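Here is the structure we will look at, set down as structure tokens.
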Amino acid sequence: LINMKASFRCRLLGISQLSCVCLVLSLAVLCRTGTCESQVPVCWEELSEFSVSAFSNPAVFKDKYRISQPVSFDNAPAFIAFPRTNSELQQTLSCIHTQRLFYTVKGGGHSLGGFSSRPAPSVMVSLEQMKRVQFQPVGQEAIVTVEGAATWSDVYAEFKRSGLIWVVSGGLCPSVGVIGFTLGGGVGPVARQYGMAIDNVSSFELVTADGKRVVRASGSENPDLFWALKGGGGGELGLRNIGVVTRVVFSVHRGPDLFTWGTLCYPKEQLRTVLGMLFDKAVQPSFPWSTNLDAVIDADGGICLWSIGDGPKNETSRLLSDFAEIEEAQVNLREHNCFWEMISEYAEEHHYSAHSNASSLTRSCMLDPLAVERAESSGLLDVFSRPDMRHPSCDAHLIHFGGRISSPVRGVDHAVFAFRQSPFFLYYGCSWPVGDKSKEAEIRAHLSRWFSFVETSVCLGGYANFMDRMLVEQRSMSELESFYFGENARRLREVQRSWTVQEGSSPQQSKQANAVVIM
């Protein structure tokens, strides 16, 4: 099966010899159903202007496939379609539906778990040609319409071109896809002030999984679907096999004239002191909603607080004065009058990037408010300070919740996201060199021990934007839905059933089923 031509093309893609065998075998399976390169079905031939296979054009395929995780091409699909319009997407989905193929959808390609791709014979639908951003100011307010593959950098750049300070409740990492971010809930640097991304959505546009319809979901049109898309999407679970979101409309807010952001960093000896103060002060009702205070704890136990807030530097300094007075604090605050430039600078110093150079796994949970309130006795401080809870290849992140997140204007029931009462989201990320199976096994064992302690001691539930690949591998669909959607899981399943395309592509509702759209 592996002739010299195929082997050469695999090398161009960076696919291992074993994976190359698997890919060609997968294509051979597709051949038997009329879907291989030499016997492509009529419907796939009609997509030739905006599709490619690993063997028809390796260079183009490699470019279209590129995602954040994993960097290895061993997870490559058999075919990639990259439609440019809703009409071409309808064509694509109709073909996939009639051929009963598994598929994933790539928006920005930033899915931490690598869920925007599945190995052959699965196919990928990349929305990369659909990434327009339309900004429409209306007095002191505005709306922004964003297509399927646009990233937050595309949105923020559009704001910058307007010449005014506009703020949307978006992400801190500019390379993250807007729609995937939103379908999982969407928490960023101004969410405490303006609510989550889902709290600012006016409407979604979706092409159904059979390609037959383009539907709109809003408060007045298909309100059940509108509710479900606000935190219940993302593809790995929740809404599956119902279609592809191609457009979302957000409310946009006039921002302040000045922002202040920066870091307060401490050595490991101050870790418990800093965390104790963070878990005390940052969760109080009096702590300004306009200030976001995240934390990063490195493998040695050193900690940095990352602050973003409205107003001049002297106001932020007064707010954080108790933190600055902790022994050995290194304080670095700076002012900005441009939201986009502030986000870009933050992302650069936080080492955010569009694509990773290493394999990685992330485990995470929404922290129980009671565990935060009793951080010493609940074991929460031990999560960060105990030597057996750390690893040289891993670091921990705390994302600040509360404020408007826990008190949305339209009420907590207007969206799927179930854990608004949590004061912090915790994620623990580890990385290792690509292909180092020994290191991967070591890190997986460490992450299993870490998560076992965290889930039983301090965890409230999950956050769909940070889907845990190890959890997806280990648990049933119903267990996963309960973990990520809490008391809303049942209602979400009802919406799923009412909108599922009953026959055609990927009929099984498994953990590997079709995506709505991925970051």
Side-chain angles (χ1 to χ4, degrees), residues 112-113 187 263-284 287 292-307 323 326 350 360-402 405-406 419-432 442-472 474-475 483-484 486:
L112 278 175
V187 170
T263 58
L264 297 90
C265 296
Y266 312 83
K268 61 183 179 181
E269 290 77 16
Q270 301 298 335
L271 175 62
R272 293 180 76 94
T273 300
V274 175
L275 286 175
M277 186 176 290
L278 179 68
F279 293 147
D280 176 32
K281 293 184 175 296
V283 302
Q284 298 300 323
F287 195 86
N292 188 78
L293 198 58
D294 297 341
V296 179
I297 299 93
D298 64 31
D300 295 324
I303 180 172
C304 283
L305 302 180
W306 292 71
S307 173
F323 291 96
I326 295 175
H350 222 305
S360 67
L361 282 170
T362 300
R363 311 225 65 173
S364 61
C365 81
M366 303 296 304
L367 293 182
D368 188 322
L370 190 59
V372 173
E373 181 183 335
R374 303 173 180 176
E376 187 72 54
S377 60
S378 69
L380 180 56
L381 294 184
D382 292 338
V383 171
F384 307 98
S385 59
R386 264 176 36 186
D388 64 318
M389 298 295 283
R390 298 203 297 262
H391 189 281
S393 301
C394 310
D395 52 26
H397 300 249
L398 287 162
I399 307 300
H400 200 182
F401 272 58
I405 298 171
S406 56
F419 303 114
R420 291 180 181 270
Q421 71 271 40
S422 174
F424 285 95
F425 169 67
L426 165 64
Y427 74 94
Y428 187 58
C430 305
S431 60
W432 65 93
E442 175 191 319
I443 287 176
R444 278 179 172 269
H446 169 71
L447 287 173
S448 293
R449 293 190 297 272
W450 183 91
F451 189 74
S452 178
F453 179 82
V454 167
E455 185 179 23
T456 56
S457 304
V458 301
C459 193
L460 194 64
Y463 174 27
N465 280 144
F466 285 76
M467 199 68 66
D468 185 328
R469 192 174 192 92
M470 290 180 67
L471 213 61
V472 170
Q474 295 164 359
R475 300 198 179 173
F483 183 76
Y484 284 102

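The structure displayed is predicted, hence computed values, not measured ones.
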Report the distance from atom [atom1] of [X] to atom [atom2] of [Y], rounding to the nearest 0.5 Å.
| X | Y | atom1 | atom2 | answer |
| --- | --- | --- | --- | --- |
| Asp395 | Ile303 | CG | CD1 | 12.0 Å |
| Arg363 | Ser448 | CZ | OG | 6.0 Å |
| Phe466 | Met366 | CZ | CE | 10.5 Å |
| Cys394 | Trp450 | SG | CH2 | 9.5 Å |
| Ile326 | Leu305 | CD1 | CG | 7.5 Å |

Mutual orientation of the aromatic rings belonging to Phe451 and Phe483 [parallel < 30°, tilted 30-60°, perpendicular > 60°]: perpendicular
Parallel, tilted or perpendicular, as decided by the 30° and 60° cut-offs, for the rings of His391 and His446: tilted
Intermediate values then yes/no, side-chain contact (heavy atoms from CB on, under 4.5 Å), Val383 and Leu426: CA-CA 10 Å; Val383 171; Leu426 165 64; 4.2 Å; yes
For the residue pair [X] and [Y], what are the closest heavy atoms and their distance?
| X | Y | value |
| --- | --- | --- |
| Ser364 | Asp468 | N-OD2, 4.2 Å |
| Cys365 | Cys459 | CB-SG, 2.5 Å |
| Leu361 | Arg444 | CD1-CG, 3.7 Å |
| His397 | Val296 | ND1-CG2, 3.6 Å |
| Ser378 | Ser457 | O-CB, 3.9 Å |
| Val274 | Phe323 | O-CE2, 4.2 Å |

If you define the side chain from C-beta out and look only at heavy atoms, does anything of [X] sit under 4.5 Å from [Y]?
| X | Y | result |
| --- | --- | --- |
| Glu442 | Trp432 | no |
| Tyr484 | Leu471 | yes |
| Met389 | Tyr428 | no |
| Phe424 | His400 | yes |
| Leu398 | Leu275 | yes |
| Lys268 | Asp298 | no |
| Ser452 | Arg449 | no |
| Phe287 | Asp280 | no |

Thr456 side chain vs Phe453 backbone, donor-acceptor pair below 3.5 Å: yes
Arg469 side chain vs Thr362 backbone, donor-acceptor pair below 3.5 Å: no
Those residues that, when tested against Asp294, pass side-chain hydrogen bond (donor to acceptor under 3.5 Å, both in side chains) (two or more places apart): Asn292
Listed partners of Glu376 passing side-chain hydrogen bond (donor to acceptor under 3.5 Å, both in side chains), at least two apart: Arg272
Option among Leu367, Val372, Asp368 that satisfies the side chain to side chain contact (heavy atoms under 4.5 Å, CB included) test with Leu460: Asp368
CZ (Arg374) with more than 12 external heavy atoms under 6.0 Å: no
Chi angles and distances behind the ring-ring contact (aromatic ring centres under 6.0 Å, His included) call for Phe419, Phe401: CA-CA 10 Å; Phe419 303 114; Phe401 272 58; over 10 Å; no
Qualifying salt bridge (charged side-chain N to carboxylate O under 4.0 Å, His left out) pairs, either residue in residues 451-466, two or more places apart: Glu455-Arg475
Thr273/Tyr266 under side-chain contact (heavy atoms from CB on, under 4.5 Å): CA gap, chis, key distance, verdict: CA-CA 10 Å; Thr273 300; Tyr266 312 83; over 6 Å; no
